[in-house]
Amino acid sequence: MTEHVLTLKHFFEEARAGRLTGIRCGKCGELAIPPKEFCPTCQEYDWTPVPLAGNGAVTSFTVIRIPPRGRAAEAPYAVAVVRLDEGVSLLGRTGLAVRFRPLMTGEQTAVGFGPV
Ligand SMILES: [Zn+2]
């Protein structure tokens with residue numbers, strides 16, 4: 001029986017310290033985050049922790065207006081699906097300061113916002 005290489009508790013302890021950690025399957029190479037029991041691709045349990053840079057792009061988001069119990073004071077807040085540069089996506093809360101940036105494609109200009 002293989003030991004857990006990265007538990008959810010350890011994952012969040014690392015996150016608290018500012019480090020984002022994924023896991024890579026030793027059989028098929030699948031990268032996953034957050035930690036899970038078995039590889040969704042090959043069903044193997046052979047994970048190795050992998051430090052992730054934490055850079056990516058928002059691919060989807062929603063605003064939570066009716067929060068889970070105990071979170072009423074925090075609503076409304078946004079949660080976003082972020083696809084990391086390493087190729088995995090995860091859900092996270094956003095609270096980032098942004099600044100206006102024009103988005104220009106040829107002769108067309110759109111209003112955009114990016115991180116400060
Ligand atoms: Zn696998």
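All ligand and atom numbering here is 1-based and tracks the order in the structure. By convention here, the first residue in the shown sequence is residue 1.
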Would you check if the side chain of Arg101 reaches a backbone N or O of Gly112 as a donor-acceptor pair within less than 3.5 Å?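 It does not hold such a pair.
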Under a 3.5 Å distance rule, please check whether Glu44 uses its side chain to pair with a backbone N or O of Phe38 as donor and acceptor.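 Looks like no, no N/O pair under 3.5 Å.
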Rounded to the nearest 0.5 Å, what separates atom CD in Glu13 from atom OG1 in Thr7?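 With rounding to 0.5 Å, CD (Glu13) is 7.0 Å from OG1 (Thr7).
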When rounded to the nearest 0.5 angstrom, what distance separates CD1 in Ile33 from CG in Leu52?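 If I round to the nearest 0.5 Å, the distance is 5.0 Å.
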Which Ile, Leu, Val, Met, Phe, Trp or Tyr residues join Met104 in one cluster when any pair of side-chain heavy atoms under 4.5 Å counts as a link?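 Members alongside Met104: none; it stands by itself.
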Return the set of protein N, O or S atoms whose distance to the Zn ion (ligand 1) is under 2.8 Å, each given as residue and atom.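 Sorted hits: Cys25 SG, Cys28 SG, Cys39 SG, Cys42 SG.
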Salt bridge between Arg71 and Glu74, side-chain N to carboxylate O under 4.0 Å?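 Judged by the 4.0 Å cut-off on N to carboxylate O distance, Arg71 and Glu74 do form a salt bridge.
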